[in-house]
Peer 1: 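What follows is a structure written as structure tokens; I'll ask about it next.
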Amino acid sequence: HFAGHNIEAVVAPELGAISLAAHVQAKLHDIYRGRGWDVAMVIATKVREPHPTEKGYFRETGEFEIVRDQARFITGKRCLGIEDVITTGGTMMKTGQAIRRAGGILVSIGALWNREAIPGTTVGVDEIYSLVNMRMESWSEDDCKHHHLCSQGVEIDTRVGKGKAYLAAAQTVQQNP
């Protein structure tokens with residue numbers, strides 16, 4: 001799908017989409033080799049700040065960055081953002097901001113699954129191309145609390161997403177009221 005986009009770098013947010021991005025980068029590299037240019041792969045890393053009360057003494061800020069030694073691979077380059085699953089578009093929006101701060105040009109986003117059919121304009125591109133566009137019902141932590149979903153027997157899936165972390169935090173609160 002992206003062969004005609006003249007992609008010069010593939011960028012993935014840590015951690016889930018890295019292997020997918022590596023495969024996309026390799027395929028684009030093979031396609032563009034005949035045109036005389038390489039395709040770089042760069043990882044947008046989570047920004048961490050010192051915080052002595054957190055495990056490991058660092059806390060994630062919720063933002064992403066392209067570290068300096070990798071920024072040179074995307075400055076002035078046409079970038080393709082890659083994500084495994086897009087739910088709200090927040091991670092790709094922050095990845096796109098990191099790309100732009102590093103001087104890259106985010107031209108499109110590719111994903112395996114766009115769970116909420118998020119439009120590209122939400123994250124600052126013309127299109128999000130995904131293999132699957134299918135809504136999957138999900139609830140925020142506030143939804144669970146305010147609508148008593150847990151007490152109604154709605155199961156929390158701990159295999160994917162943030163369900164496991166939510167249950168662990170809820171258990172900590174119950175133990176230390």
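Position 1 is the first residue of the sequence; numbering continues from there. These numbers come from the heavy atoms of this one structure, side chains and all, not from hydrogens, waters or symmetry mates. Predicted model, so just to flag it, every value in this text is computed and none were measured.
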Peer 1: Which atom pair, heavy atoms only, marks the closest approach of Glu83 to Ala17?
Peer 2: OE1-CB, 3.5 Å
Peer 1: Can you list every side-chain hydrogen bond (donor to acceptor under 3.5 Å, both in side chains) pair that touches residues 31-43, not counting sequence neighbours?
Peer 2: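 Qualifying pairs, neighbours excluded: Asn6-Arg35, His29-Arg33, Asp30-Arg33.
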Peer 1: Are Leu28 and Val11 connected in a single hydrophobic cluster, I mean Ile/Leu/Val/Met/Phe/Trp/Tyr linked by side-chain heavy atoms less than 4.5 Å apart?
Peer 2: no
Peer 1: State plainly whether the residues Glu8 and Arg78 are in salt-bridge range, i.e. N to O under 4.0 Å.
Peer 2: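 Salt bridge absent between Glu8 and Arg78.
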Peer 1: If Ile, Leu, Val, Met, Phe, Trp and Tyr residues are connected whenever their side-chain heavy atoms lie under 4.5 Å apart, and connections chain through other members, are Leu106 and Val123 in the same group?
Peer 2: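 Yes; Val123 is reachable from Leu106 via cluster members.
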Peer 1: Let me check something: do Val85 and Met134 share a hydrophobic cluster, defined by ILVMFWY side-chain heavy atoms less than 4.5 Å apart, either directly or through other members?
Peer 2: yes
Peer 1: If you measure from OG on Ser130 to CG on Leu112, what distance do you get to the nearest 0.5 Å?
Peer 2: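 Reported to 0.5 Å precision, the distance equals 9.0 Å.
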Peer 1: Pair Ile86, Glu116 - check side-chain contact (heavy atoms from CB on, under 4.5 Å), show working.
Peer 2: CA-CA 7 Å; Ile86 297 173; Glu116 298 294 327; over 6 Å; no
Peer 1: Of all heavy-atom pairs between Ile105 and Ile99, which one has the smallest distance, and what is that distance?
Peer 2: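 Shortest heavy-atom separation between Ile105 and Ile99 comes out as N-CG2, 4.1 Å.
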Peer 1: Going by an N to O cut-off under 4.0 Å, is there a salt bridge joining Glu60 and Arg48?
Peer 2: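 Counted as a salt bridge, because a side-chain N and a carboxylate O are separated by less than 4.0 Å.
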Peer 1: Check the pair Ser108, Glu127 against side-chain hydrogen bond (donor to acceptor under 3.5 Å, both in side chains), reporting the backbone distance first and the verdict last.
Peer 2: CA-CA 6 Å; Ser108 193; Glu127 76 162 339; 3.2 Å; yes
Peer 1: For Glu49 and Thr61, work out which heavy atoms get closest and say how close.
Peer 2: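 Closest approach of Glu49 to Thr61, heavy atoms only: OE1-CG2, 3.6 Å.
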Peer 1: As an exercise, state the distance from OG1 of Thr91 to CD of Glu14, rounded to the nearest 0.5 Å.
Peer 2: 10.5 Å
Peer 1: Is the shortest heavy-atom distance from the side chain of Ile66 to the side chain of Val42 under 4.5 Å?
Peer 2: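 Counting from C-beta outward, Ile66 and Val42 do come under 4.5 Å.
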Peer 1: Roughly how far, to the nearest 0.5 Å, is the OG1 atom of Thr87 from the CG atom of Asn114?
Peer 2: 8.5 Å
Peer 1: Rounded to the nearest 0.5 Å, what's the gap from CD1 on Ile7 to NZ on Lys77? Could you check?
Peer 2: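 If I round to the nearest 0.5 Å, the distance is 12.5 Å.
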Peer 1: Describe, in one word, how the ring planes of Phe2 and Tyr129 are oriented to each other, choosing from parallel (under 30°), tilted (30 to 60°) and perpendicular (over 60°).
Peer 2: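 Phe2 and Tyr129: perpendicular rings.
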Peer 1: Among all residues two or more places apart in sequence or in another chain, which pass the salt bridge (charged side-chain N to carboxylate O under 4.0 Å, His left out) test with Asp69?
Peer 2: none
Peer 1: Following the transitive rule for hydrophobic clusters with a side-chain heavy-atom cut-off under 4.5 Å over Ile, Leu, Val, Met, Phe, Trp and Tyr, establish whether Phe73 and Val107 coincide in one cluster.
Peer 2: no
Peer 1: Report yes or no: does Lys46 contribute a side-chain atom to a donor-acceptor pair with the main-chain N or O of Gly62 at less than 3.5 Å?
Peer 2: no
Peer 1: Is the shortest side-chain heavy-atom distance between Ile43 and Ile18 below 4.5 Å?
Peer 2: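 Ile43 reaches Ile18 side chain to side chain.
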Peer 1: Considering all heavy atoms of both residues, which atom of Ala98 and which atom of Phe64 are nearest to each other, and what is their separation?
Peer 2: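 Residues Ala98 and Phe64, closest heavy atoms: CB-O, 3.4 Å.
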Peer 1: Using every non-hydrogen atom in the two residues, find where Gly120 and Ile128 come nearest and quote the distance to one decimal.
Peer 2: CA-CG1, 3.7 Å
Peer 1: Given side chains that start at C-beta, do those of Pro13 and Met92 come closer than 4.5 Å, heavy atoms only?
Peer 2: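 Pro13 vs Met92: side chains touch.
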Peer 1: Work out which heavy atom in Ile74 is nearest to a heavy atom in Ala9; give both atom names and the distance.
Peer 2: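 Result for this residue pair: CG2-CB, 3.7 Å.
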Peer 1: Nearest 0.5 Å, what's the NE2-CD1 distance between His23 and Ile82?
Peer 2: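 Here the rounded value is 12.0 Å.
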Peer 1: May I ask whether Leu15 and Met41 are part of the same hydrophobic cluster, defined by side-chain heavy atoms of I, L, V, M, F, W, Y residues being less than 4.5 angstrom apart, directly or through others?
Peer 2: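 Both belong to a single hydrophobic cluster.
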Peer 1: Mind checking whether Glu63 and Gln97 have side chains closer than 4.5 Å, heavy atoms only?
Peer 2: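 Answer yes - side chains close enough.
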